[in-house]
Amino acid sequence: MMTAVKQSGVWAVLLWPYLLAVSIPLDCRDEQGNMSRCPFISQEKLLDRIIQHAELISRISEESCSLFEELFVPFPLRLQRNTVGYACITKALPIPSSKSEIQQISDKWLLQSVLMLVQSWIEPLVYLQTTLDRYDNAPDVLLNKTKWVSEKLVSLEQGVVVLIRKMLDEGTLTTTYNEQDLLQYDVLPDMLESVMRDYTLLSCFKKDAHKMEIFLKLLKCRQTDKFNCA
């Protein structure tokens, strides 16, 4: 196990400059905090950068979940994340799930679905940072990966918001979920409960990050070959 962790750490160090270099261009905010950068990027290039960002987030989230599982989750408990007590926080969101539903929804609803998923995960990932800091022997590679994903999710939100304005000519696209219903972390659990809850967060985010990537790639396909998008 330790060998695998060390190998993961080596790869993380080698890949980190590349990951940062390819993700920085999506940052839409200037020094004053205004989103003044991305509007000057063409719609096509902006969508390409957003997809690239989503691909990286999806990949790193999968690596983080696998590493957390290997380090902290006993094998008999790995299937329990799918039980009622460990439901995904985004389960209540009106996000299409079946292939037929996804194919039928409009470009506007694709974008709204991505934005809802992105925004619903920003605070839970910030919370995850505080809980992982309390783990004994949590490797830096895990902490760095989850921190990177948390930060880049905010950049992804900025890019999606600007893309919405470009494609739909709308100033703001509001979401319908209640963040308080999605996020309830008032009571600190015991260690095993904390592990399972964090494992559920990582597993659910991995699944939702993959959805974001699929939705954005479908949107890209519709821009280039509308009648042959599977």
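At least one donor-acceptor pair closer than 3.5 Å links the side chain of E101 to the backbone N or O of S97. S58 places no side-chain N or O within 3.5 Å of a backbone atom of E55 that could act as its donor or acceptor partner.
Taking the six-membered ring for Trp and thresholds of 30 and 60 degrees, H53 and W148 have ring planes inclined between 30 and 60 degrees apart.
Between the CG atom in D198 and the OG1 atom in T146 there is a gap of 10.0 Å [rounded to 0.5 Å]. Atom-to-atom distance recorded for K206:NZ and C88:SG is 10.5 Å, nearest 0.5 angstrom. Atom CG in L201 sits 9.5 Å away from atom CG in L132 (nearest 0.5 Å). To the nearest 0.5 Å, the span separating CG on L110 from OG on S106 amounts to 7.0 Å. A distance of 9.0 Å separates CG of L128 from OG of S64, quoted to the nearest 0.5 Å. Here the straight-line distance linking atom CG of L216 with atom CG of L156 works out to 7.0 Å at 0.5 Å rounding.
Connection of L192 to L202 is established within a shared hydrophobic cluster, with ILVMFWY side chains joined at heavy-atom distances below 4.5 Å, either directly or through further cluster members.
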side-chain contact (heavy atoms from CB on, under 4.5 Å) between S42 and K45, intermediate numbers included: CA-CA 5 Å; S42 70; K45 288 184 178 180; 3.3 Å; yes

Worked verdict on C65 versus F205 for side-chain contact (heavy atoms from CB on, under 4.5 Å): CA-CA 9 Å; C65 185; F205 178 69; over 6 Å; no

Candidate pair E157 and L153, rule side-chain contact (heavy atoms from CB on, under 4.5 Å), full reasoning: CA-CA 6 Å; E157 179 195 23; L153 195 65; over 6 Å; no

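Pairing each heavy atom of L46 with each of G159, the nearest pair is CD2-O, 4.1 Å. In this structure, L47 and K220 approach most closely via the heavy-atom pair CD2-CA, 3.7 Å. Of all non-hydrogen atoms in V160 and I50, the two that sit nearest each other are N-CD1, 3.8 Å. For the pair I105 and P96, the tightest heavy-atom approach, listed with the atom from each and the gap, is CD1-CG, 3.5 Å. Closest non-hydrogen pair, W109 versus P94, comes out as CZ2-O, 3.1 Å. Closest non-hydrogen pair, L93 versus M116, comes out as CD1-O, 4.1 Å.
At least one side-chain heavy atom of L219 sits less than 4.5 Å from a side-chain heavy atom of M167. Here the side chains of P124 and I89 are in contact, with some heavy-atom distance below 4.5 Å. Taking 4.5 Å as the limit, every side-chain heavy atom of T90 sits out of range of all side-chain heavy atoms of I95. Between I51 and E213 there is no side-chain heavy-atom pair separated by less than 4.5 Å. Inter-residue side-chain proximity for F215 and L111 is flagged as unmet; no heavy-atom pair is nearer than 4.5 Å.
Few gaps surround CG on D133; more than 12 heavy atoms of other groups in view lie less than 6.0 Å from it.
Of the candidates E151, E62, E63, E63 is the only one forming a salt bridge (Lys or Arg N to Asp or Glu O under 4.0 Å) with K145.
Taking the centre of each ring, F72 and Y135 come in below the 6.0 Å mark.
Neither side chain, E44 nor Q223, offers a donor N or O lying under 3.5 Å from an acceptor on the other.
Ion pairing between E193 and R197 fails under the 4.0 Å rule for side-chain N and carboxylate O.
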